[in-house]
A.B. asks: 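Sharing a structure with you now.
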Amino acid sequence: MTALRRLDSRLVFFVLIAAFVLVIVVYPLVQVLLRSLLVDGNWSLRNYESVFGRPRNYFALWNSVWVSLAATALATVIGTLAAFVVQRTDVPFKTVLRFVLILPFAIPPLFAAMGWVQLAGPVGLLTQAWKSLTGAATAPWTIYGAGGIIFVLGITKYPFVFITVAGALQRMDASLEEAARTAGAGTGRIMRDITLPLVRPAILGGALLAFVSCIDNFGIPAVLGLRVQFQVLTTRIYEALTIPDLPLATAMSMLLVVLAGVAVWLLGKFEGRSGEHAIIGGKSIRPHIIKLRAARPWVALALFALTILIVVLPVFALLVTAIQPYYGAPLNLETITTRNFEAVLNSSAAQRGIRNSLTLAPIAATILVIVTALLAYLNVKAKVRGAKLLDGIGMMPFALPGSVIGVGMILAWSNPPIGPTLYGTLWILLVAYLMRYMAYGLRSCRASLMQIHDSLEEAASTSGASRLRTMRDITLPLMRPGMIAAWVLIFMSAYHELTVSALIWSARNETVGVWIFVMQDSGFPGRASALAIAILPIILVMFMITQWLSADRSAI
Amino acid sequence: MGVTIQVEGLTKRFGSMTAVDAIDFAMEEHEFFSLVGPSGCGKTTTLRCVAGLETADEGRISIKGTTVYASAEQVDVPTHERAIGMVFQNYAVWPHMSVFHNVAYPLKLKRASRGDQERRVGHVLQMLGMELLGERKPSQLSGGQQQRVALGRALVGEPDVLLLDEPLSNLDAKLREHMRVELKRIQRDTGIPILYVTHDQLEALAMSDRIAVMSDGRIHQVASPVEIYERPATKFVLDFIGSVNYLPGEVQSATGDTVTLRVAGGATLTLPRPGFVPEAREVLLAVRPEDMVLGQSVTGSDLQAKVELRSFLGNLCEYRLSYQGHELRVQTEKDELVPEGSDVVVGVRRGYLLESTASQDPLARVS
Ligand SMILES: Nc1ncnc2c1ncn2[C@@H]1O[C@H](COP(=O)(O)OP(=O)(O)OP(=O)(O)O)[C@@H](O)[C@H]1O
Ligand SMILES: [Mg+2]
């Protein structure tokens with residue numbers, strides 16, 4: 001029967017994808033959970049006790065929590081204010097502002113941390129400028145430690161808040177505010193009584209995303225914390241694995257999962273609640289724009305200054321460090337050198353890193369786009385039972401801190417019951433990227449499929465097209481922008497990935513991110529900066545492509 | 001072969017809910033056949049079963065003599081192998097293809113030559129008045145133009161039957177009127193049979209050769225527009241097609257061609273004898289607004305009423321009258337304006353009879 005035949009091909013795909021998701025996502029996670037509870041083959045909580053038994057460990061947990069909370073608070077203030085100014089005032093150059101305000105997303109956190117060391121570290125550019133201006137012996141700040149970590153995390157993660165709040169403000173039905181205005185409320189009153197409560201779920205949602213991202217981060221606390229023995233969970237796990245104390249790393253990973261899990265659970269609650277407000281009113285008149293009058297140029301200037309501080313200065317510092325003979329050398333034209341770039345070019349490890357990243361990133365992106373497009377199709381269009389569950393499982397790594405994925409990879413692929421030992425090869429990095437970025441592909445493919453109304457495909461079949469033909473002529477072309485966006489996003493992220501890679505790389509299998517980190521960590525900031533500066537343009541171009549694609553898609 | 005589509009005992013359930021309940025109908029060749037009924041009555045589901053987009057649970061469907069679905073024999077021809085053309089309510093014009101490529105797609109699937117495609121698409125576009133828009137993308141078209149692209153795409157492959165699901169409901173009133181005429185004209189010129197779904201009874205009356213009136217997954221009556229209007233089979237059809245006034249009454253006597261009733265409020269009416277007179281004495285008299293005359297006596301069939309409200313409709317005038325506590329709707333030509341508040345004589349020219357015990361039953365037979 002034809003119905004049976006039709007079912008078969010879908011079933012085959014479903015089984016293949018289910019196997020993929022099980023091996024890539026579920027198997028490592030189960031490993032982490034089980035091994036954290038096993039000591040010498042027996043069930044035990046001893047691994048967890050050892051976390052809380054040593055101050056080094058529980059301080060790391062506590063530091064992760066409070067540093068991330070503080071950084072999230074900073075990110076929320078910056079992101080919310082920027083969103084209000086851009087969406088609700090007549091500040092000039094809005095389109096440009098909207099773009100530059102999300103640029104921190106394009107700068108890898110490791111690069112930002114390095115840039116800030118080179119700006120505000122003991123011999124940093126700003127520190128030197130301060131000293132020569134004031135004649136003081138030391139600067140009144142230090143970039144190393146909690147303060148520096150909070151600062152750099154906050155200014156790299158605020159775009160999460162900015163994007164969600166700006167989006168909510170844009171979708172908000174202007175008539176809600178107008179109703180308050182006709183009831184006699186002034187602008188300040190309306191903001192407080194109407195606008196703010198309506199966008200509060202968006203603010204909280206953005207803040208939770210920023211929090212998860214702070215908890216997850218390794219590059220910033222590694223560069224700014226390790227040197228002064230300020231530990232957070234991710235850096236502590238890194239240390240535990242260099243000893244190596246795998247059981248301890250495993251238990252700490254589970255604590256990270258719990259932290260991120262709580263945040264994601266809260267996020268789900270807020271997202272559900274924001275649905276209760278009908279802030280998406282459809283067609284409505286332009287929202288009320290606050291006139292800044294005389295302050296107009298100054299507000300714009302302040303926002304541009306903010307982005308210069310956040311994006312341009314650190315990159316400039318990287319550039320300066322890259323062309324200086326040694327870190328902290330006096331800045332003048334005579335000392336400019338290409339030595340660092342030559343060192344990168346002559347380093348076979350750097351060469352390998354570039355080659356490896358350029359191999360892994362496109363392979364991961366291609367595999368994931370194909371798999372997630374198929375899974376999204378089975379879930380959204382073919383409505384195969386079970387596909388929704390697979391989609392949910394595939395989304396999980398989105399909330400999983402990278403360190404957990406790293407530990408999971410080591411446990412899963414060091415000595416697997418079947419299949420090859422991937423640990424110690426390049427391919428463990430590939431499997432890790434597949435796990436880490438599956439959610440990116442799923443989100444993008446699902447969203448673009450849901451925009452394709454069923455009747456577009458039905459119209460093809462009433463025109464005489466078979467199921468496969470319909471997929472080829474209608475579904476795939478309409479999905480293509482979403483698939484390209486996912487590909488570029490995964491490529492870009494995997495290309496400079498560090499958190500996971502730092503845990504599972506091995507000699508001869510380094511990546512760009514790992515090489516830069518190792519150079520920075522072992523006292524060669526010039527070389528680290530040189531490679532960072534060299535690959536930044538690629539990342540920026542990729543980032544612009546993702547922005548352009550998503551703007552293009554929402555225009556349809 | 002005289003029959004285009006034959007549907008027998010078609011049943012479709014969604015979970016425990018029966019959306020289509022054992023319906024039968026047969027479409028003639030060259031026929032414009034409408035399924036009409038209120039929202040949720042199962043029209044779209046029926047159409048989608050015919051198209052094969054939905055798999056029915058029971059029954060048999062054949063198109064031009066070929067069985068495309070039969071539950072008993074486990075036949076289920078997939079949609080793309082049924083020779084149909086379909087226009088969707090939301091047009092479903094493919095946004096990534098030009099007008100030309102949208103319309104040419106069914107031909108491309110049939111591997112028609114490039115020249116053949118150009119000739120036939122050109123012909124269809126010309127018929128639809130779109131010959132200059134072939135290179136446009138759908139996003140550059142108005143709603144009405146997209147509608148025509150969808151129609152062209154459904155027509156170009158010369159299907160055995162055209163399935164249309166409320167194709168005009170997203171258009172503004174003027175364009176809708178225009179497209180009604182256009183559709184009728186295209187159907188006459190091509191001779192292609194059309195199965196048409198709408199919830200708009202006026203549209204169905206204006207366009208169809210025959211109409212099937214549906215409610216709750218069942219067909220109440222299949223007949224020509226005139227017959228549906230003049231001789232509704234059930235109370236539901238009477239109510240749904242046009243409006244109607246009800247007056248309870250008793251049959252006093254019935255002769256070969258008249259029936260005499262005593263209605264609530266005491267008046268006695270002698271009307272032309274309808275198809276049958278219910279057994280029971282207690283009846284419900286149903287009168288269409290245009291079957292009453294205002295300010296004019298009809299021999300032996302008058303009511304004394306008072307004008308409560310007058311609304312001017314352009315070509316007609318509609319009155320709300322009160323007669324002994326009953327509200328009556330009456331329509332008259334506009335040149336016989338009667339002021340609000342005045343007492344008038346209302347002549348009843350004809351009406352339908354129902355058993356009054358069945359007044360809540362939509363399936364109740366109407367004489
Ligand atoms: N996929 C489905 N799943 C569950 N119920 C459905 C589905 N499709 C239709 N129904 C139900 O079947 C009934 C008939 O639906 P159908 O779409 O055929 O109505 P319709 O007559 O076309 O109405 P309308 O004029 O509103 O389009 C409705 O009650 C509807 O809720
Ligand atoms: Mg319908």
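In the text below, chain A, chain B and the rest are named by the order of the sequence lines, each starting its count at 1. Heavy-atom basis, side chains included; hydrogens, waters and symmetry copies ignored.
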A.B. asks: Out of curiosity, Lys108(B) NZ to Asp116(B) CG, how far, rounded to the nearest 0.5 Å?
C.D. replies: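 If we round to the nearest 0.5 Å, Lys108(B):NZ and Asp116(B):CG are 15.0 Å apart.
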
A.B. asks: Using heavy-atom distances under 4.5 Å, tell me whether Asp454(A) contacts chain B through its side chain, its backbone, both, or neither.
C.D. replies: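 Contact with chain B is absent: no heavy atom of Asp454(A) under 4.5 Å.
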
A.B. asks: Need one label for Arg480(A): side chain, backbone, both or neither, based on atoms under 4.5 Å from any heavy atom in chain B.
C.D. replies: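 It is neither, since no heavy atom gets under 4.5 Å.
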
A.B. asks: For the candidates Met86(B), Arg48(B), His96(B), which exhibits the highest count of non-hydrogen atom pairs separated by less than 4.5 Å from chain A?
C.D. replies: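 Result: the option with the highest number of such pairs is His96(B).
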
A.B. asks: Is it the side chain or the backbone of Val93(B) that comes within 4.5 Å of chain A heavy atoms, both, or neither?
C.D. replies: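 Interface part for Val93(B): backbone (N, CA, C, O).
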
A.B. asks: Are Phe543(A) and Phe105(A), when compared by the centres of their aromatic rings, separated by less than 6.0 Å?
C.D. replies: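 Judged by ring-centre distance (under 6.0 Å), Phe543(A) and Phe105(A) do not meet the cut-off.
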
A.B. asks: Under 4.5 Å from any heavy atom of chain A, what part of Ile84(B) do you find: side chain, backbone, both or neither?
C.D. replies: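 Contact with chain A involves both backbone and side-chain atoms of Ile84(B).
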
A.B. asks: Holding to side chain to side chain donor-acceptor pair (under 3.5 Å), I want the full list of residues that pass it with His123(B), two or more places apart in sequence or in another chain.
C.D. replies: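 Side chain to side chain donor-acceptor pair (under 3.5 Å) check on His123(B) returns nothing, list empty.
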
A.B. asks: Under 6.0 Å between the ring centres of Phe25(B) and Phe33(B)?
C.D. replies: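 Yes: the rings meet the under 6.0 Å criterion.
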
A.B. asks: For the residue pair Thr475(A) and Glu457(A), confirm or rule out a side-chain donor-acceptor distance under 3.5 Å.
C.D. replies: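 Yes, a side-chain donor-acceptor pair sits under 3.5 Å.
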
